[in-house]
Amino acid sequence: YIGTVSSATTSSHSGVLWAKIYDDGFTPSDKQWATDRFNKNGGKATFKLPSTLASGDYLLRTEFIALQGAAVVGSAQFYVGCFQLRITGAGSPTPTSVGVSFPGYHKANHPRIL
C-alpha cells in the first residue's frame, strides 16, 4: 500500500488513504507462499512502483498476514512495516485520491484472511 503525505519524514500515518500497489500470496504453479519466496531471497522482496506516481512524499506500508491461526475469526497475525519515500519525476496523478484506511480496512472474516 502507498499513501501520499505532506512530509515523509514528519507526517503521521493517521488519516492517510492507502492504495494497494502490490500483492503476493500462494502460487499454485510452484506451491509456494510469498513468505517462502521472501525467506529464500534473504528477506528481500522486489516490486515496481507505479510509473504514474506523481513527485512527492509517500509512506509505503508492507504487511505479512500469518494465517496459521486464521481458522479462528480474529486470530490472523499482521506484521506491518512502513517506509518513507520521496518520489521524483513527472508522473501523475497520485494513486491515493481514493483508498483505504488503517486500522479498519481488514476485517476478521475477509476471505483472504479467514
Side-chain angles (χ1 to χ4, degrees):
Y1 294 90
I2 195 163
T4 306
V5 291
S6 59
S7 170
T9 58
T10 60
S11 293
S12 166
H13 67 279
S14 180
V16 172
L17 290 177
W18 300 92
K20 191 171 199 170
I21 59 171
Y22 179 76
D23 184 62
D24 197 359
F26 185 73
T27 306
S29 60
D30 63 6
K31 296 182 174 67
Q32 287 192 339
W33 287 95
T35 51
D36 297 325
R37 289 185 289 282
F38 183 75
N39 291 333
K40 285 181 182 178
N41 197 29
K44 297 176 188 172
T46 301
F47 65 95
K48 291 188 178 194
L49 292 171
S51 61
T52 57
L53 285 175
S55 294
D57 286 8
Y58 295 86
L59 296 179
L60 179 70
R61 181 186 194 273
T62 61
E63 67 183 18
F64 280 94
I65 305 173
L67 299 175
Q68 63 267 24
V72 176
V73 174
S75 296
Q77 299 172 18
F78 292 81
Y79 299 91
V80 177
C82 216
F83 301 85
Q84 302 159 316
L85 303 175
R86 175 159 291 143
I87 304 292
T88 59
S92 66
T94 61
T96 53
S97 56
V98 296
V100 299
S101 297
F102 294 103
Y105 174 64
H106 292 305
K107 304 295 183 212
N109 60 353
H110 187 277
R112 292 201 57 184
I113 296 172
L114 181 59

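None of these values were measured; they are calculated from a predicted model.
Two residues are said to be in side-chain contact when any heavy atoms from C-beta on lie closer than 4.5 Å; Leu49 and Ile87 meet this criterion. At a threshold of 4.5 Å between non-hydrogen side-chain atoms, the residues Ile2 and Leu85 count as touching.
Closest approach of Arg37 to Gln32, counting heavy atoms only: NH1-O, 3.1 Å. Leu59 and Ala8 make their closest contact through CD2-O, 4.1 Å (heavy atoms, listed as atom of the first residue, atom of the second, distance).
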Legend entry - Derivation and outcome, side chain to side chain contact (heavy atoms under 4.5 Å, CB included), residues Leu60 and Tyr58: CA-CA 6 Å; Leu60 179 70; Tyr58 295 86; over 6 Å; no
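Taking the six-membered ring for Trp and thresholds of 30 and 60 degrees, Phe26 and Trp33 have ring planes inclined between 30 and 60 degrees apart.
Taking OG1 of Thr35 as the reference point, atom CD1 of Ile65 lies at 11.5 Å (rounded to 0.5 Å).
With sequence neighbours excluded, the residues that form a side chain to side chain contact (heavy atoms under 4.5 Å, CB included) with Ala45 are Phe38. Residues that satisfy the side-chain hydrogen bond (donor to acceptor under 3.5 Å, both in side chains) test with Gln84, not counting sequence neighbours, are absent from this structure. With sequence neighbours excluded, the residues forming a side chain to side chain contact (heavy atoms under 4.5 Å, CB included) with Tyr79 are Phe64, Ala66, Gln77, listed by chain and number. Under the rule for a side-chain hydrogen bond (donor to acceptor under 3.5 Å, both in side chains), Thr62 has no partner lying at least two apart in sequence or in another chain. Every residue two or more places apart in sequence or in another chain that forms a side chain to side chain contact (heavy atoms under 4.5 Å, CB included) with Ser7 is listed here: Thr9, Thr10, Ser11, Asp57.
Applying the side-chain hydrogen bond (donor to acceptor under 3.5 Å, both in side chains) test to pairs two or more places apart or on separate chains, none has a residue in residues 38-50. The salt bridge (charged side-chain N to carboxylate O under 4.0 Å, His left out) pairs that include a residue from residues 58-85 are Arg61-Glu63, where partners are two or more places apart or lie in different chains.
Looking only at atom types and distance, the side chain of Ser55 has no donor-acceptor partner in the side chain of Arg86 under 3.5 Å away.
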